[in-house]
Number of protein chains: 2
Amino acid sequence: MKIGELAARTGVSIRSLRYYEEQGLLSPLRSDNGYREFSPLAEEQVRTIQLYLQLGLSTDQIAGFLHCVLKNREAFCNEVLPIYREKLAEIDSQIQLLQNIKLNLEDRIRSILDERPEGQVEE
Amino acid sequence: MKIGELAARTGVSIRSLRYYEEQGLLSPLRSDNGYREFSPLAEEQVRTIQLYLQLGLSTDQIAGFLHCVLKNREAFCNEVLPIYREKLAEIDSQIQLLQNIKLNLEDRIRSILDERPEGQVEE
DNA sequence: ATAAACCGTGACATTGGTGTGAGGGTCAAG
DNA sequence: CTTGACCCTCACACCAATGTCACGGTTTAT
């Protein structure tokens with residue numbers, strides 16, 4: 001199938017599909033006229049890529065194990081687990097950072113409300 | 001004081017101080033030779049800017065109320081509260097997103113460990 | 001044969017605070 | 001007068017996936 005059809009089937013933009021190829025995540029054949037020709041398997045492949053992107057992995061990381069997970073169960077691809085763990089640690093520290101900011105903001109909001117029960121003043 | 005001294009006092013890079021000026025957060029005078037001349041008050045001003053940046057506010061948002069909060073208590077600056085609330089909502093949704101990814105990652109890690117108690121396989 | 005709907009590549013914009021380097025003034029001390 | 005430590009502006013790089021032009025070739029249907 002051509003790129004437009006793949007885009008329609010997956011909901012992923014043509015631009016992104018071309019980018020995935022550039023990053024080594026897709027390897028469509030080329031027709032004589034230069035058009036990309038995707039196998040039917042590409043559809044699932046794209047959904048898999050999207051799934052990993054939504055986990056916050058980079059195309060670089062995905063490229064490292066995509067080949068394997070398309071053929072095997074994830075558990076058989078040794079690249080995956082360390083990347084998941086690394087990502088999890090990263091997420092945890094981001095959450096921590098955001099929680100701290102959140103507490104800080106809540107404090108400050110409370111202070112303002114305490115100090116100014118209803119009256120307001122302009123600059 | 002000149003920019004180098006302000007940078008040394010606050011720990012903020014010269015580059016950043018110039019950027020703050022560009023964003024309207026600092027308005028140093030200029031000496032005859034073109035050098036920026038900061039008042040002693042600038043030191044506290046920079047610390048205040050840093051504080052807001054660490055809350056995740058943009059220079060644009062900070063510019064909207066910095067003038068006021070430097071002269072009054074935050075509670076008297078009406079711009080502040082809505083921005084805090086907006087930021088808080090944003091933070092909450094980011095945390096939510098990260099929590100979802102975290103749960104997803106933990107599930108997937110668990111699946112892999114369940115499925116592969118110890119044996120590994122190469123690609 | 002012509003228009004509409006595809007496809008191709010290349011390249012710049014986005015986000016936003018900061019790093020970094022080029023190229024060039026200013027000024028104080030030796 | 002020279003050296004070194006300041007200062008100035010301008011401008012590109014970064015991160016990374018995606019949007020969006022421009023410009024041009026191909027295919028399909030009328």
Side-chain angles (χ1 to χ4, degrees), chain A residues 1-38 42 45-64 66 83 86-87 90-91 93-94 97-98 101, chain B residues 1-38 42 45-64 66 83 86-87 90-91 93-94 97-98 101:
Chain A
M1 83 188 89
K2 283 178 291 182
I3 198 169
E5 189 183 342
L6 183 57
R9 282 179 186 278
T10 59
V12 172
S13 74
I14 291 178
R15 176 68 178 87
S16 292
L17 294 175
R18 292 203 263 243
Y19 178 69
Y20 297 163
E21 179 187 13
E22 195 182 326
Q23 300 302 303
L25 299 179
L26 293 174
S27 300
L29 300 175
R30 293 296 181 130
S31 302
D32 287 348
N33 55 21
Y35 288 10
R36 292 170 180 79
E37 182 59 38
F38 293 90
Q45 192 162 348
V46 170
R47 293 190 203 285
T48 302
I49 292 168
Q50 287 288 99
L51 185 155
Y52 288 123
L53 284 177
Q54 278 154 21
L55 285 179
L57 303 188
S58 67
T59 54
D60 228 42
Q61 291 174 312
I62 298 171
L66 182 62
I83 288 180
E86 187 185 336
K87 193 68 200 178
E90 198 184 315
I91 300 275
S93 91
Q94 285 176 19
L97 182 64
L98 290 174
I101 293 177
Chain B
M1 83 188 88
K2 283 178 292 182
I3 198 169
E5 189 182 340
L6 183 57
R9 282 179 187 275
T10 59
V12 172
S13 73
I14 290 178
R15 175 68 177 88
S16 292
L17 294 175
R18 292 204 262 242
Y19 178 69
Y20 298 162
E21 180 188 14
E22 193 183 302
Q23 299 303 301
L25 300 180
L26 292 174
S27 300
L29 300 175
R30 295 294 182 132
S31 303
D32 287 348
N33 55 20
Y35 289 9
R36 291 170 181 79
E37 182 59 39
F38 293 90
Q45 192 163 348
V46 170
R47 294 190 202 286
T48 303
I49 293 168
Q50 287 288 97
L51 185 155
Y52 287 123
L53 284 177
Q54 278 153 22
L55 285 177
L57 303 188
S58 68
T59 53
D60 228 42
Q61 291 174 314
I62 299 171
L66 183 61
I83 288 181
E86 186 185 337
K87 193 69 199 175
E90 199 184 314
I91 300 275
S93 91
Q94 285 176 20
L97 183 63
L98 290 175
I101 293 178

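A note on names: the letters A, B, ... follow the listed sequences, proteins ahead of strands, and every chain is numbered from 1. The basis for the numbers below is simple: all heavy atoms, side chains too, and nothing from hydrogens, waters or symmetry mates.
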**Q** Does A/S58 have a side-chain nitrogen or oxygen under 4.0 Å from the phosphate oxygens OP1 or OP2 of D/dC15?
**A**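 Checking D/dC15 against A/S58, no side-chain N or O comes under 4.0 Å of OP1 or OP2.
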
**Q** State whether B/T59 places a side-chain N or O below 4.0 Å from either non-bridging phosphate oxygen (OP1 or OP2) of C/dG17.
**A**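 Indeed, a polar side-chain atom of B/T59 lies that close.
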
**Q** I want to check one thing: is the phosphate of D/dA11, taken as OP1 and OP2, less than 4.0 Å away from some side-chain N or O of B/R15?
**A**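 Checking B/R15 against D/dA11: no side-chain N or O falls below 4.0 Å of OP1 or OP2.
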
**Q** Hey, does A/Q23 have a side-chain heavy atom less than 4.5 Å from the side chain of A/I62?
**A**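 The answer is no, as the side chains (C-beta and beyond) never meet within the 4.5 Å cut-off.
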
**Q** Figure out the CG/P separation between A/N33 and C/dA5, and round it to whole Å.
**A**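 That distance rounds to 19 Å.
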
**Q** Please give, in whole Å, the distance from D/dG25 P to A/R30 CZ?
**A**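 Taking CZ of A/R30 and P of D/dG25, I get 17 Å after rounding.
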
**Q** Could you give the CG-to-P distance, from B/D32 to C/dT26, as a whole number of Å?
**A**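 After rounding, the gap between these two atoms is 11 Å.
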
**Q** Checking contacts here: which listed nucleotide (D/dC7, C/dT18, D/dG19) is nearest the side-chain heavy atoms of A/S16?
**A**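 That would be D/dG19.
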
**Q** Can you check the A/L57 CG to D/dC15 C1' distance for me, whole Å?
**A**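 In whole Å, D/dC15 C1' and A/L57 CG are 16 Å from each other.
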
**Q** Figure out the CG/P separation between B/L6 and D/dC7, and round it to whole Å.
**A**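 Atom-to-atom, B/L6 to D/dC7, this comes out as 10 Å.
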
**Q** Whether the side chain of A/E21 engages the backbone of A/R18 through a donor-acceptor N/O pair (distance < 3.5 Å, no angle test) should be reported.
**A**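 Checked: no pair found.
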
**Q** Think A/R36 has a side-chain N or O under 4.0 angstrom from the OP1 or OP2 of C/dG8?
**A**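 Answer yes for this pair, as a side-chain N or O of A/R36 is under 4.0 Å from OP1 or OP2.
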
**Q** Below the 4.0 Å mark, does C/dG19 have OP1 or OP2 next to a side-chain nitrogen or oxygen of B/S13?
**A**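 Indeed, a polar side-chain atom of B/S13 lies that close.
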
**Q** In whole angstrom, give the distance that lies between atom CD1 of B/I14 and atom C1' of C/dT18.
**A**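 That distance rounds to 13 Å.
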
**Q** Any chance you could measure A/L26, atom CG, to A/L6, atom CG, to the nearest 0.5 Å?
**A**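 Reported value, rounded in 0.5 Å steps: 7.0 Å.
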
**Q** Could you tell me whether B/R18 contacts a base, only the sugar-phosphate backbone, or nothing, with contacts defined as non-hydrogen atoms closer than 4.0 Å?
**A**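 Base contact.
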
**Q** Starting at NZ of A/K2, measure out to CG of A/N33 and round the result to the nearest 0.5 Å.
**A**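 Between A/K2 NZ and A/N33 CG, I get 7.5 Å after rounding to 0.5 Å.
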
**Q** At under 4.0 Å, does any side-chain N or O of A/Y19 touch on OP1 or OP2 of D/dA17?
**A**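 So the side chain of A/Y19 is within the cut-off, an N or O lying under 4.0 Å from OP1 or OP2 of D/dA17.
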
**Q** Classify the side chain of B/Y35 versus the base of C/dG25 as yes if they form a donor-acceptor pair under 3.5 Å and no if they do not.
**A**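 Pair found.
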
